[in-house]
Amino acid sequence: MNSLYELDSKWKKLLTRDNLLGGLTVNEFVEQLGKDHTLRVPTKGLVSNPSNINDHGYGAVGTWDPKPYVRTFESILKELAKLQHESEAIKSKLGSEVLEQELKHSYAIKELQSRLNEITTEYVSLDSKLASVTKGVKPLGDKLEKSIRQKKQYTKSVELVNIYNEFLETNDSSPTLAALLKSPHFGNQLNAAAIMKSLIALAKKIETQSIPKTIDATKRIESIAESMENKWLEEFNHAYRDSDFTKLNEIAIILNKFNAGVNVISNFINQHEFFVEQNQFDINDENGTEKFDFDQNLLNPDYHYVIYDKKVMIPLLSEIASVIEKESRIVIQVFDKKAIQVLQLFIQRIFVQKLEPKINHILVNSLNWSNLLYIRNLHSLHTLMGQFIKDLSAFFQDGLISNGNGEIISTLEQCYSDLFSNYLYDRSRYFDLEKQNLESILIGKAKKLNTSFSKEITPRALNIRLNKMIENGEDMTDFMNINEIGVSNDIINGVGSHNKNMNLGHKFFNDGIFNNKLSQYKNVIKRRLDFDNSTIKDTGEDKVPESLSLSSKDQFELFDLENVDAMLKCVVEAVARIMELIPNKASEYTLELLEVMFIGIIGSYIDSGLEIAYYKLINSDTNYDSLDLLSLDYISKSTEMLNYLSISIKSVFLPLLKNSPKNKQLIIELTNINIKKSEISINIIMAKLVDMITECFSTSLAKQTRKDFIPKTQDLIDHDTVPAIEIVNFLNKIHSQANNFLKPKNLNKFLIKIGEILYNMLLVHYSKFPVNSIGGIIVTKDIIGYLNIIELWNIQYLVDKFSTLRELANLFTVKSDLLESLTMEGHLLDVDSKIINAYIANRQDSISDNFISTVKNNIKQYT
């Protein structure tokens, strides 16, 4: 604790510059200081119990003395004031010292700046003098260097002339040159090669007819030069067999010095065992006849996977890859700066001698079999070689050669292009065959239908009717719902919208190289078409309505969506080939292929199906028993096919032409024309079907007799009339068949058309017959029969129509005094007064003219 008049030492330690507050904050310091003075001072004589005295001698009970507390804080303030005074004095002293040092530093900088300027001036002067000296010395240096070169050249020239003179005089080799050639040292042989090269050039310059010796000397020199080169080439081949790469490199350098290494490079390539091996291209079997093996799936137009020649091409490419890998390392070690050139020549030789004949053999023999085999093999070979080039390029890019990779890769790409240029860029050798093949496939797939139904298709009755309508400008009533078919309205606006590098010496290719575009096509169709599996697969026999009485299931399946799907896959395969083989012509050729597609799928298949439907329809008897409703099946399938075709165009083909807006627009227009033509044909068939159904209604209604509704007894009330029975049964048949074949919107449209016709016919029909009270019940019963079948169709519009007939029938049964009120309610409010008058006029009790006049007047007042 602090004493009463002096600050405690422990607080003094905390009030120094070196340990101010001892790491405490101001608040913590004041708090600690205050705790020291919270004791109380006891009053004199009040301490009766010694145990109440604390450790410091103060009693626990008594009044608190503030003096020590105040004195302590006063002392603290004094110490702080003292500390502040000392700190300010030190700060002032340090400030003066800083100013003094800054001033000294400024003087030093000024002095150094002056010295730097002097040094710079001296340097400029010395540089100027040095430049002057260099300017004077440089010509001397150039002359000296030139003189040295001339001296060396002169020495060599003298030596060369002496050697030539020895050939000229003695007609024998120079001892100096012979010694160099026999020397085992690389430097001497290199010097001999240089001398011989210059000697040949000198001899040819000196050679003249006027001095026969010069001609003999030249021949002798050339003969020795040839012998020298042959010796070096022989040594090169021997070193190659022994894998002596040091010797190979030395000889390559010598021959490069001798004649730029032309012959050694040629010798290396020509004598390579890869090119001189026997039976390297055996295309004949043991009997001497030409052999050609291929996978039979290549002839199947419905097999859409790329097939590679695993017996010949893949083993050959794997072998070539191993050879290139091995020889590339040798060439780089041996030929040094010439390595790029040697590799280029070596690769070119491989393509010309090993690959081109194989590919030509496969394609020539393929064409002898079929266009399909030819174009599929062309595509597979092109794809296979493309992958081969990619992997070779990756091999050279891995750092095998520090410089020149680009030149080798360029050579590879050029060789690849040259392999197929004669096939791809000649339209007659590829695209014309592609087009002919697609035509034959599509026509072939439609052939069975056209052959089986030639009697129905050959007359082309539907096509003739269509052309007449177009010529006459007739109204082509739209019976089918175009939006549900899903064609023109959408199409008309258009549609906006590797494997790691392998070790070249190992297995080179696998079956997963080809990215099959057909899988994309299938995925698109599955996503976009709202068909169940039964629609796009084989149609089972249980799906053939018994009432159609077809002769066989096969005949029923000849016209099926699965066939169109198969045709489209062939088109996609052809387009995919074009996109890969000749991408620069892809948009133009795709347009031509789609023209073939429309001819094959619509012209030869869908149109034939519609011709069959129309023929069967117009050759049916006009009665409800023999009327052939099979046309509904053909129409239903045709709409599905057109929708399928439309979706394929929009989702598969148009996106491929995003960079060719002109051809894209042409395809859109072509699609619209072809699909619209089929739509009109469908509407013609539907119109004819409706006409024949109407005729059936007329035939049945014609069986109605005037006595049917004026029976004399009530015995006939429980019996329906013959027309009603026939028409109700016919309606059941129509609905059953239409429901089985047509989709909801088209079904409703068709049924509404039929219902409206029947309603209008019945409306007129019942206004023609006299009806008594019992007959009115029969009429009502007939109409209820119609209404009951109509209600099963779930079309409220028709229900309302036939409900109107039901209320009109009431006009025959109610009492005469209720007629007026009956005409003022329900559906009869919307019925023409002439019709109501006609019904009322047929009541048996309406004979009286007065009665008729009264009723007519009343009705006129309210209508």
Quiz item: Is Thr383 reaching over with its side chain to a backbone N or O of His379, donor-acceptor style, under 3.5 angstrom?
Solution: yes

Self-check item: Pairing residues for Asn360 by the side chain to side chain contact (heavy atoms under 4.5 Å, CB included) criterion, not counting sequence neighbours
Solution: Val364, Tyr423

Quiz item: Does the pair Ile359 and Phe420 meet the rule for a side chain to side chain contact (heavy atoms under 4.5 Å, CB included), with working shown?
Solution: CA-CA 9 Å; Ile359 290 175; Phe420 297 97; 4.1 Å; yes

Quiz prompt | Salt-bridge contact Lys310-Asp295 (side-chain N to carboxylate O under 4.0 Å) | solution = no

Quiz item: Which atoms form the tightest heavy-atom contact between Ala446 and Met567, and what is the distance?
Solution: N-CE, 3.9 Å

Exercise. Kindly write out the residues that satisfy salt bridge (charged side-chain N to carboxylate O under 4.0 Å, His left out) with Arg376, not counting sequence neighbours, or none if the list is empty.
Key: Glu573

Quiz item: Closest heavy-atom contact between Pro459 and Ile464?
Solution: O-CD1, 3.6 Å

Exercise. Return the minimal non-hydrogen interatomic distance between Leu568 and Ser648, and the atom names on each side.
Key: CD1-OG, 3.4 Å

Quiz item: Can you name the residues that form a side chain to side chain donor-acceptor pair (under 3.5 Å) with Tyr374, not counting sequence neighbours?
Solution: none

Exercise. Heavy atoms only: give me the nearest Leu449-Gly609 pair and the separation to one decimal.
Key: CD2-N, 4.2 Å

Quiz item: Measuring from Asn643:CG to Leu561:CG, what's the distance to the nearest 0.5 Å?
Solution: 9.5 Å

Quiz prompt | Flag side-chain contact, heavy atom, 4.5 Å: Leu670 against Leu666 | solution = no

Quiz item: Who are the side chain to side chain donor-acceptor pair (under 3.5 Å) partners of Ser428, not counting sequence neighbours?
Solution: Asp426

Practice problem: Using distance alone, with no hydrogens and no angle criterion, decide if Tyr430 and Glu434 have a side-chain donor and acceptor under 3.5 Å apart. | Solution: yes

Practice problem: Could you go through the side chain to side chain contact (heavy atoms under 4.5 Å, CB included) check for Tyr615 and Leu462 one step at a time? | Solution: CA-CA 8 Å; Tyr615 179 90; Leu462 179 60; over 6 Å; no

Quiz item: Tell me, which pairs form a side chain to side chain donor-acceptor pair (under 3.5 Å) where one or both residues lie in residues 455-470, sequence neighbours left out?
Solution: Arg465-Glu474

Practice problem: Rounded to the nearest 0.5 Å, what's the gap from CD1 on Ile457 to OG on Ser608? Could you check? | Solution: 4.0 Å

Quiz prompt | Any side-chain heavy-atom pair of Thr639 and Glu679 under 4.5 Å | solution = no

Practice problem: Applying side chain to side chain donor-acceptor pair (under 3.5 Å), name anything that partners Glu439, two or more places apart in sequence or on another chain. | Solution: none

Practice problem: Please examine the side chains of Ile649 and Ile668, heavy atoms only from C-beta on, and report whether any two atoms are closer than 4.5 Å. | Solution: no

Quiz item: With under 30° as parallel and over 60° as perpendicular, where do the rings of Phe388 and Phe351 fit, or are they tilted in between?
Solution: tilted

Quiz prompt | Leu355 side, atom CG; Leu381 side, atom CG - distance, nearest 0.5 Å | solution = 10.0 Å

Practice problem: Please examine the side chains of Leu742 and Asn748, heavy atoms only from C-beta on, and report whether any two atoms are closer than 4.5 Å. | Solution: no

Quiz item: How far apart are the C-alpha atoms of Leu378 and Arg577, what are their side-chain angles, what is the distance that settles it, and do they pass the side chain to side chain contact (heavy atoms under 4.5 Å, CB included) test?
Solution: CA-CA 10 Å; Leu378 176 61; Arg577 266 196 298 269; over 6 Å; no

Practice problem: Of all the heavy-atom pairs spanning Val352 and Glu356, show the shortest one and how long it is. | Solution: O-CB, 3.7 Å

Self-check item: Inter- and intrachain pairs under salt bridge (Lys or Arg N to Asp or Glu O under 4.0 Å), touching residues 412-421, at least two apart
Solution: none

Self-check item: Residue pair Val571 / Phe653, side-chain heavy-atom distance below 4.5 Å
Solution: yes

Practice problem: Would you give the length of the straight line joining atom CG of Asn674 to atom CD1 of Ile602, rounded to the nearest 0.5 angstrom? | Solution: 4.5 Å

Quiz item: Would you say the side chain of Ile307 lies within less than 4.5 Å of the side chain of Ser380, judging by non-hydrogen atoms?
Solution: no

Exercise. For Arg429, check salt bridge (charged side-chain N to carboxylate O under 4.0 Å, His left out) against everything at least two apart and list the hits.
Key: none

Quiz item: Can you name the residues that form a side chain to side chain contact (heavy atoms under 4.5 Å, CB included) with Gln296, not counting sequence neighbours?
Solution: Phe294, Leu299

Practice problem: Could you grab the distance from atom CD of Glu319 to atom NZ of Lys354, nearest 0.5 Å is fine? | Solution: 6.0 Å

Quiz prompt | Donor-acceptor pair, side chain of Ser620 and main chain of Lys616, under 3.5 angstrom | solution = yes

Exercise. Look at the side chain of Ser370 and the backbone N and O of Ser366, then say whether any donor-acceptor pair between them is shorter than 3.5 Å.
Key: no

Quiz prompt | Side-chain (Ser604) to main-chain (Ile599) donor-acceptor, under 3.5 angstrom | solution = yes

Self-check item: Considering all heavy atoms, the nearest Leu591-Ile667 contact
Solution: CD1-CG1, 3.4 Å

Quiz item: Less than 4.5 Å apart, any side-chain heavy atom of Leu656 and any of Thr590?
Solution: no

Quiz item: Under the side chain to side chain contact (heavy atoms under 4.5 Å, CB included) criterion, do Tyr614 and Lys688 qualify, and how do the steps go?
Solution: CA-CA 8 Å; Tyr614 190 68; Lys688 182 63 178 177; 4.1 Å; yes

Quiz item: Is the backbone of Asn437 close enough, under 3.5 Å, to the side chain of Ser440 for a donor and an acceptor to pair up by distance?
Solution: yes

Quiz prompt | Sequence-distant partners of Tyr416, side chain to side chain donor-acceptor pair (under 3.5 Å), two or more places apart | solution = His382

Practice problem: Working to the nearest 0.5 Å, report the span between CD1 of Ile635 and CD1 of Ile685. | Solution: 5.0 Å

Exercise. Give a yes or no on whether the backbone of Leu558 and the side-chain of Asn563 come within a donor-acceptor separation of less than 3.5 Å.
Key: yes

Practice problem: Please lay out, stage by stage, how Lys664 and Glu588 fare under the test salt bridge (charged side-chain N to carboxylate O under 4.0 Å, His left out). | Solution: CA-CA 10 Å; Lys664 182 177 178 180; Glu588 175 187 342; over 6 Å; no

Exercise. Indicate yes or no: does Arg427 engage Glu592 in a salt bridge with an N to O separation below 4.0 Å.
Key: yes

Practice problem: Would you please name every residue forming a ring-ring contact (aromatic ring centres under 6.0 Å, His included) with Tyr605, sequence neighbours left out? | Solution: Phe559

Self-check item: For Ser421, all residues meeting side chain to side chain contact (heavy atoms under 4.5 Å, CB included), sequence neighbours excluded
Solution: Tyr425

Self-check item: Flag side-chain contact, heavy atom, 4.5 Å: Asp309 against Leu384
Solution: no

